[in-house]
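Here's the structure, in structure tokens; my notes come after.
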Amino acid sequence: MPCTTFRITAAWISLVMAIALVSPTLRADDAPVQTSRIAASLQPFVDDHALAGAVTLVASKDKVLDVGAVGFADIAAQKPMRTDCLFWIASMSKPITATALMMLVDEGKVNVDDPVEKYLPEFHGQMLAVEQDDNHAILKRPVHPILVRNVLSHTSGLPFMSRVEHHIDQRPLREAAVSYALAPLKFEPDSKYDYSNAGINTAGRIIEAVSGMPYEQFLQKRLFDPLGMKDTTFFPSVEQLPRIAKSYRPAKDGLEAIQIDQLTYPLEGPGRYPSPAGGLFATAADVAVFGQMILSGGQLNRKRYISEASVRQMTSKQIGDLGANYGFGFQTSRKIEPGSTGPAPAGQCGHGGAYATNLSINPDTGLVLVWMVQHAGYGGKEGGKIQPTFEHAAVEAFGKH
């Protein structure tokens with residue numbers, strides 16, 4: 001989502017650009033990435049104990065322009081942040097899920113205007129709650145059943161999550177979908193925008209039902225392996241666990257380490273399941289490759305993953321005048337008129353995550369910005385300036401590359 005920025009003086013930018021942070025080679029166009037000119041702008045926030053650490057990445061359609069790390073992956077252990085650290089990207093999983101589903105739309109196997117019950121019969125006959133409290137409920141049939149487009153755009157009336165879900169990763173996708181189908185809708189489909197993990201999880205279950213393979217295997221086969229997203233996973237391996245950046249929240253004396261309250265621990269243990277709405281872990285490099293593919297209209301390195309028409313739908317506003325800017329799985333500032341064709345309109349799109357990670361894709365600047373932190377809120381009084389500092393420095397340096 002677009003963020004409020006603040007002015008940085010030319011002198012400060014010049015100072016930032018003069019600082020070199022050595023960073024390891026990062027895959028994108030198989031060329032080594034030079035020293036970071038951006039991450040140094042965040043050091044004052046680390047020094048003030050407002051930010052634990054961050055990985056920043058700036059890319060164009062075909063190459064990584066800058067990548068750097070600042071601060072700590074583990075403050076107590078004084079473990080420096082590295083550009084290959086993994087982060088829980090939370091709701092940044094949503095555009096990835098939407099992309100996977102739109103692949104099936106491209107193949108003619110799914111239509112976004114179909115009722116969800118066509119693919120998931122358990123949703124047949126779902127009712128709408130007209131009046132409901134702890135003691136009673138009055139139900140009626142909705143004007144129309146929820147459509148595939150509704151679950152992709154948070155206009156379905158499904159809840160944020162069901163009452164049987166205490167963590168986002170504790171139920172198999174099949175069971176989770178049934179729990180959503182058994183609950184009455186909160187409002188008439190298409191009448192409101194209400195952010196819903198249940199909706200995106202339902203989209204993930206449609207992928208399973210139509211493709212005939214588990215959701216996470218579909219992503220691995222159709223997106224992660226072909227794109228080279230080698231570290232993107234719902235289930236971090238024993239080898240990956242040491243590279244996961246610790247999570248932090250504000251405390252009286254700066255920051256304190258916490259576990260991610262939406263996930264089941266241990267992360268490598270049994271009893272965890274993929275959450276299409278928010279379960280993925282990834283590196284900045286992997287997120288950038290996905291962003292480059294979207295910025296390039298659905299293709300990368302001469303391979304097409306998804307049609308330009310589907311990218312246009314996903315990254316353009318799809319919910320009318322319901323008070324939010326949302327496409328299919330993407331937050332967006334792009335607006336199109338129904339039935340219009342041609343290139344996607346200008347405007348930013350992307351998605352953030354619950355612990356402050358963010359992907360921004362902007363055709364106006366030609367840039368993909370990846371912001372990787374693990375914060376349930378920033379420390380100090382300057383927290384609102386942290387991510388905008390990165391974005392401002394990135395655009396100043398590369399906006400006219």
Side-chain angles (χ1 to χ4, degrees), residues 19-26 33 35-36 38-57 66-93 167-169 230-269 272 278-288 352-359 370-380 382-383 385-387 389-390:
I19 299 175
L21 297 179
V22 178
S23 59
T25 297
L26 179 70
V33 175
T35 54
S36 173
I38 304 298
S41 63
L42 303 166
Q43 187 62 48
F45 299 110
V46 176
D47 296 340
D48 288 343
H49 307 292
L51 173 69
V55 175
T56 64
L57 189 149
D66 184 278
V67 62
V70 66
F72 300 97
D74 184 332
I75 296 174
Q78 291 291 283
K79 181 179 178 181
M81 186 69 79
R82 292 166 46 99
T83 56
D84 65 348
C85 280
L86 275 80
F87 299 80
W88 176 55
I89 62 172
S91 286
M92 287 165 67
S93 306
H167 296 102
I168 65 172
D169 58 357
K230 64 179 184 179
D231 279 316
T232 303
T233 181
F234 293 100
F235 311 112
S237 67
V238 173
E239 291 75 24
Q240 289 173 320
L241 288 174
R243 287 195 284 136
I244 297 177
K246 279 191 175 294
S247 304
Y248 291 91
R249 68 182 175 193
K252 182 178 180 181
D253 298 321
L255 297 167
E256 65 175 347
I258 58 172
Q259 284 192 333
I260 298 169
D261 58 7
Q262 296 183 40
L263 300 180
T264 303
Y265 284 80
L267 296 176
E268 74 277 19
R272 296 187 63 242
L280 284 171
F281 289 79
T283 60
D286 282 6
V287 172
Y355 276 32
T357 55
N358 195 69
L359 167 66
V370 181
W371 171 248
M372 299 294 261
V373 294
Q374 210 79 118
H375 269 260
Y378 297 107
E382 302 295 303
K385 298 180 180 179
I386 297 176
Q387 184 179 331
T389 296
F390 156 61

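Here the closest non-hydrogen pair linking Tyr378 and Ala356 is OH-CB, 3.5 Å. The minimum heavy-atom distance linking Gly353 with Ala90 is given by the pair CA-CB, 3.9 Å. Across all their heavy atoms, Phe390 and Leu57 have their closest contact at CZ-O, 3.7 Å. Nearest heavy-atom pair across Pro236 and Leu241 is CB-CD2, 3.9 Å. Looking at every heavy atom in both residues, Ala54 comes nearest to Val373 through CB-CG1, 3.4 Å. Contact detail for Gly279 and Ser93: the closest heavy-atom pair is N-OG, 3.4 Å.
Qualifying side-chain hydrogen bond (donor to acceptor under 3.5 Å, both in side chains) partners for Thr232, counting only residues two or more places apart in sequence or in other chains: Asp286. The ring-ring contact (aromatic ring centres under 6.0 Å, His included) test applied to Phe234 returns Tyr215, not counting sequence neighbours. Partners of Thr264 under the side-chain contact (heavy atoms from CB on, under 4.5 Å) rule, at least two apart in sequence or in another chain, are His167, Asp169, Gln170, Arg272. The side-chain hydrogen bond (donor to acceptor under 3.5 Å, both in side chains) search around Asp253 returns none, not counting sequence neighbours. Remark: Tyr355 pairs with Trp88 by the ring-ring contact (aromatic ring centres under 6.0 Å, His included) rule, at least two apart or across chains.
Side chains of Thr357 and Trp371 form no contact here, defined as non-hydrogen atoms less than 4.5 Å apart.
Note that CD1 of Ile386 and CZ of Phe45 are 5.5 Å apart. Values are rounded to the nearest 0.5 Å. Rounded to the nearest 0.5 Å, atoms CD (Gln387) and CG (Asn358) are 4.5 Å apart. The CG atom of Leu280 lies 9.5 Å from the CZ atom of Phe235; values are rounded to the nearest 0.5 Å. Remark: Ser36 OG to Leu42 CG distance equals 9.0 Å, nearest 0.5 Å. Here the CD1 atom belonging to Ile38 is positioned 4.5 Å from the CG atom belonging to Asp66, to the nearest 0.5 angstrom. Once rounded to the nearest 0.5 Å, the distance linking OG of Ser237 with CG of Leu267 reads 11.5 Å.
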Which donor-acceptor pairs under 3.5 Å do the side chains of residues 242-249 make with protein atoms, sequence neighbours left out?
unit_1	atom_1	unit_2	atom_2	d
Arg243	NH1	Asp84	O	2.8
Arg243	NH1	Asp231	OD2	3.3
Arg243	NH2	Asp231	OD1	2.8
Tyr248	OH	Ile75	N	2.7
Arg249	NE	Glu256	OE2	2.6
Arg249	NH2	Glu256	OE2	3.1

Check the pair Lys230, Thr283 against side-chain contact (heavy atoms from CB on, under 4.5 Å), reporting the backbone distance first and the verdict last. CA-CA 9 Å; Lys230 64 179 184 179; Thr283 60; over 6 Å; no

Between Leu263 and Phe281, is the side-chain contact (heavy atoms from CB on, under 4.5 Å) condition met? List the steps. CA-CA 12 Å; Leu263 300 180; Phe281 289 79; 3.6 Å; yes

Can Met81 and Val55 be said to form a side-chain contact (heavy atoms from CB on, under 4.5 Å), step by step? CA-CA 7 Å; Met81 186 69 79; Val55 175; 3.7 Å; yes

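Put simply, the side chain of His49 never gets that close to the backbone of Leu255: no donor and acceptor are under 3.5 Å apart.
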